[in-house]
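This report concerns only the one structure given below.
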Amino acid sequence: MLAQTGVLPSVNVGSCGPGSGRVMLAHTAMASAFSLRGRRPGPRSSLTTSASMRSGLSIQGHQPTSPAGWAIIVDSLRRADVQLLSPQEVQHALQAGTQCVVDVRLPAEFEAGHVSGTVNVPFFRPISGWDAVRVLRRLAFALFGIRTGTELNPLFVEEVSRVAADSSKGIILMCNIGGVIEHSGSFKVGTQSRSLTAAHVLVESGKFGSIKVLKGGVNGWAASERPIEEM
């Protein structure tokens, strides 16, 4: 697992649009509470954040990692027909330029090794600020031996909209493991991942059409002996 730093870096965000270069987006003066609203959600799929949960996500009052929160996420992904693609399918999409492929991992993870042709829009960021909630969040991570914890990037949807400026293209998300939303052995509601949770946020924003996820993530891509690029 890649080490994370406690300093929030500027994030290199490219674009999936033609002829565009790289831009620097500094995550400064970000709002600590926000709401994502778009198309009318189903009965169990609304997503909001509040002051009491401002360092993370609240899925109808549930943590996204809780069984209830994850079940709501899976339900929204299935209703939106979010598909999981194989490394081969993602490779073809990259070569054809028909999809905007977004790596949602932390910048340090992206720089250490990523799929060529992808752009980095982190779903989480290192915890910033020292208010009471964030201090408690740091302590919670420290209890599990994690030196630097993370919190939701409140500009995630905005930044994805920026890099996926061509609305005719679909979006493919990837993280380290990809996750699963179909029934898998004893896991009736799949297995959770950053990319699937990020896909849920994009679905609930109502701003995007086709959303897909790389099955197996970057780890699966590397295991299939496809190239990994370093910065």
Side-chain angles (χ1 to χ4, degrees), residues 1-5 8-16 20-22 25 64-65 70 73-74 77 82-126 141 144-150 152-153 156 159-160 163-164 169-187 189-202 208 210-231:
M1 186 172 180
L2 297 173
Q4 301 175 19
T5 63
L8 180 63
S10 295
V11 180
N12 290 317
V13 181
S15 172
C16 295
S20 58
R22 297 180 70 85
L25 297 177
T65 52
W70 175 235
I73 290 173
V74 168
L77 296 179
V82 172
Q83 299 177 12
L84 275 73
L85 303 182
S86 68
Q88 182 178 10
E89 290 173 311
V90 173
Q91 187 173 38
H92 288 166
L94 282 166
Q95 292 170 345
T98 57
Q99 308 279 322
C100 182
V101 187
V102 178
D103 189 320
V104 303
R105 299 176 302 157
L106 292 168
E109 295 174 291
F110 182 80
E111 292 171 6
H114 61 271
V115 176
S116 179
T118 62
V119 291
N120 183 217
V121 182
F123 185 54
F124 289 101
R125 64 178 188 178
F141 274 103
F144 288 94
I146 301 173
R147 187 169 60 108
T148 304
T150 57
L152 190 71
N153 170 12
F156 177 70
E159 291 175 0
V160 172
V163 301
K169 291 185 175 183
I171 296 174
I172 301 173
L173 304 178
M174 65 174 64
C175 62
N176 276 333
I177 63 173
V180 178
I181 58 175
E182 64 266 18
H183 297 290
S184 177
S186 60
F187 296 98
V189 289
T191 54
Q192 192 168 17
S193 71
R194 277 179 288 182
S195 53
L196 288 176
T197 306
H200 170 73
V201 170
L202 296 185
F208 307 92
S210 173
I211 300 171
K212 302 179 179 67
V213 171
L214 170 60
K215 189 172 185 177
V218 176
N219 292 344
W221 178 279
S224 68
E225 299 185 349
R226 286 175 167 80
I228 294 291
E229 185 176 276
E230 297 180 4
M231 294 181 68

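For this chain, numbers begin at 1 and follow the sequence in order. All heavy atoms count here, side chains included; hydrogens, waters and symmetry mates do not.
Looking at Asn153, its side chain never comes within 3.5 Å of a backbone N or O of Phe123 through a donor-acceptor pair.
Counting heavy atoms from C-beta on, the side chains of Val115 and Val90 never come closer than 4.5 Å. The shortest side-chain heavy-atom distance between Val218 and His114 does not fall under the 4.5 Å cut-off. Residues Glu109 and Asn176 are in side-chain contact: their nearest non-hydrogen atoms beyond the backbone lie under 4.5 Å apart. At a threshold of 4.5 Å between non-hydrogen side-chain atoms, the residues Leu152 and Phe124 count as touching. Between Leu173 and Cys175 there is no side-chain heavy-atom pair separated by less than 4.5 Å. With a 4.5 Å cut-off on side-chain heavy atoms, Phe208 and Val160 count as touching.
Evaluation of the side chain to side chain contact (heavy atoms under 4.5 Å, CB included) rule for Lys212 yields Gln83, Leu85, Gln99, Ile172, Ser210 as partners, not counting sequence neighbours. In terms of the side chain to side chain donor-acceptor pair (under 3.5 Å) criterion, residue partners of Ser86 (sequence neighbours excluded) are, by chain and number, Glu89.
Across all their heavy atoms, Leu94 and Gly117 have their closest contact at CD2-O, 3.8 Å. When all heavy atoms of Leu196 and Thr191 are compared, the closest pair comes out as CD1-O, 3.7 Å.
Partner Val102 forms a side-chain contact (heavy atoms from CB on, under 4.5 Å) with one of Ile211, Leu202, Thr118, Val163 and no other, that one being Val163.
Within 6.0 Å of atom CD in Glu225, 12 or fewer heavy atoms from other residues, nucleotides or ligands are found, so the atom counts as exposed in its surroundings.
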